[in-house]
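Given the structure is predicted, the values throughout are model-derived calculations rather than measurements. For the numbers below, each heavy atom of this structure counts, side chains included, while hydrogens, waters and symmetry mates do not.
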2 protein chains.
Amino acid sequence: MTKVKNINTWLTHLTNESKTSISVDCVIFGYDDEGLKVLLIDCNMPPYEGKKSLLGDLVQQNETLEDAVIRVLQRRTTLTDLYFEEVKAYSDPNRHPLGRVVTIAYYSFIKISDYKIHDSEDKHLEWIPINDIDKLAFDHRLILDESYKSLRKKIRNHPIGFTLMPEKFTLMQLQNFYETVLQIKMDRRNFRRKLNSLDLLIDLNEIQNNVSHRPAKLYSFDFKKYNRLMEIGVLDFAI
Amino acid sequence: MTKVKNINTWLTHLTNESKTSISVDCVIFGYDDEGLKVLLIDCNMPPYEGKKSLLGDLVQQNETLEDAVIRVLQRRTTLTDLYFEEVKAYSDPNRHPLGRVVTIAYYSFIKISDYKIHDSEDKHLEWIPINDIDKLAFDHRLILDESYKSLRKKIRNHPIGFTLMPEKFTLMQLQNFYETVLQIKMDRRNFRRKLNSLDLLIDLNEIQNNVSHRPAKLYSFDFKKYNRLMEIGVLDFAI
DNA sequence: AATGTGTGTGTCACTTTGACGCAAAGATAA
DNA sequence: TTATCTTTGCGTCAAAGTGACACACACATT
């Protein structure tokens, strides 16, 4: 009987030769009234000098990948309730000039105003509008593209968008958000009908003021109701 | 200016201390007329003696994760056109008794009849019906559950199912497949209408014979048309 | 008082979905 | 030969959802 070497069956020792470095890379999407942006950092590493890259770091021995992601995300933010999703692992042996580094990509999505960048130490850190991004260092352009695709899919079925709105928002602000992120146009009346049928918006009985046109009504999102419906599994959230 | 240590910005050397072992684990789903099964192997590793585990292996220095998956899948099969999907990375520092092993989980889905198991050397390898699986070694039960969830989602929007049918199949065989995998009941007439509206089945103008009831018509799947429609991006595949 | 600008609303035609019953085809048993 | 069994194949109806589309209103500005 041929002994099939397999890490899940027989005892094997883990040799150093087969160990590799693991990193996490985060596509940090940000939203503000200017649109959708991604947080990028200057990369000084040959041969990618002058290019920008995603934020990431090596995973330490005693932490999970998620721990590492939280570390990367929290280094420059005061956010505690961080949202992130795993996208994919990238493992081309030549993807990193320092040697073999397998990276797991994640994306996050935050309100730009909640993200405090300490200018003095982070001159090289910048929010770049998604449509202005050209080539990136490493395979980060690929990672970005696949993450963005993943985000667009996710956002239609999960209320991520609402966490990025101000506490009180108008329906037009919300629609702009979806149009910007999804890069599509939506019909105003149909959008409103859809949102109405979800029945997850709270009409605050307030209106905008100081706008030079008919003021819009303000709403907030009913997170409580959303969570309740999700728990009992009765929610068809789709925008 | 505080230098932010970051693998994507400044040169750092990759120390051995931060390197870890990486493995891939494959949830190999199989389908035959008895239903949906998973290929499992006996695990002799303390403390999991007597339990079963997924198939997996360590990732070698010069291969991608996908290479490793193909290696694991092809060890016991003659299949060449392997389908697999990445599910998620599992990185709990204590998930493996041999030491730290980060694993990336994949699932595959094949026709059981296409999978040749060499009995003599693989007595410990077995197809287990999905509903008969109890606890597994390591965190493999969790991996299985999340993979199965992922598969159920995928299968409604991708024609994976058709590759698991015999070349010629009846609509009832196809419906059974979806009912088995999704673990739901479907209305026969509505199912047929749906399939018909997709317009991807070829009516072979043949019927079953030697069945003790009205013989069903035989169909095959129009992979050519499917691929053509996918390329031009005009296909709303949903079952 | 007129203008500009974004807000708020309803309808119609079309498609999709879920629920549902009955006759036909072949094999088998009486 | 006939009756019975089992599975196939088909159509309709009501309900819900989708996409397209136009006009009056409210506020600020001039």
Using whole Å, report how far NZ of Lys185(A) lies from C1' of dT18(D).
-> 19 Å
Do we see a donor-acceptor contact under 3.5 Å between the side chains of Thr103(A) and Asp25(A)?
-> yes
How do Thr170(B) and Arg193(B) order along DNA chain D: which one's closest nucleotide is nearer the 5' end?
-> Thr170(B)
How are the rings of Phe191(A) and Tyr178(A) set relative to one another: parallel (under 30°), tilted (30 to 60°) or perpendicular (over 60°)?
-> tilted
Whole-Å gap separating P (dA19(C)) and CE (Met186(B)) | 13 Å
Please state how far atom CZ in Phe191(A) lies from atom C1' in dG8(C), giving the value in whole angstrom units.
-> 14 Å
Glu86(A) vs Glu86(B), side chain to side chain contact (heavy atoms under 4.5 Å, CB included): CA-CA, chis, key distance, verdict = CA-CA 11 Å; Glu86(A) 181 176 335; Glu86(B) 181 175 335; 4.1 Å; yes
Just how far, in rounded Å, is P of dG8(C) from CG of Leu201(A)?
-> 12 Å
Pair listing, side chain to side chain donor-acceptor pair (under 3.5 Å) test, anchored in residues 222-239 of chain A, at least two apart | Asp199(A)-Lys225(A)
Under-4.0 Å side-chain N/O to phosphate OP1/OP2 contact, Lys194(B) with dT17(C) | yes
Can a side chain N or O of Lys217(B) be found less than 4.0 Å away from OP1 or OP2 on dT8(D)?
-> no
Nearest-Å distance for atom pair CG/P, residues Leu198(A) and dA16(D) | 16 Å
Atom CD1 of Ile239(B) to atom P of dT16(C): distance rounded to whole Å?
-> 15 Å
Test salt bridge (charged side-chain N to carboxylate O under 4.0 Å, His left out) on Lys217(A) and Glu206(A) and set out the steps.
-> CA-CA 6 Å; Lys217(A) 298 175 80 171; Glu206(A) 292 179 58; over 6 Å; no
Give the rounded distance in Å between these two atoms: CG of Asn190(A) and P of dC21(D).
-> 11 Å
Check: Ser147(B) side chain, Tyr107(B) main-chain N or O, donor-acceptor pair, under 3.5 Å | no
Readout for nucleotides 21-30 of chain C: B = base within 4.0 Å of protein heavy atom, S = sugar-phosphate only, - = neither; 5' to 3' it is B--BBBS---
Consider the side chain of Arg192(A), meaning its heavy atoms from C-beta on, and name the nucleotide among dG18(C), dG19(D), dT9(C) that approaches it most closely.
-> dT9(C)
How many Å lie between CD on Gln175(B) and P on dG9(D), as a whole number?
-> 12 Å
In terms of ring plane angle, is the pair Phe109(B) and Tyr31(B) parallel, tilted or perpendicular, where the classes change at 30° and 60°?
-> perpendicular
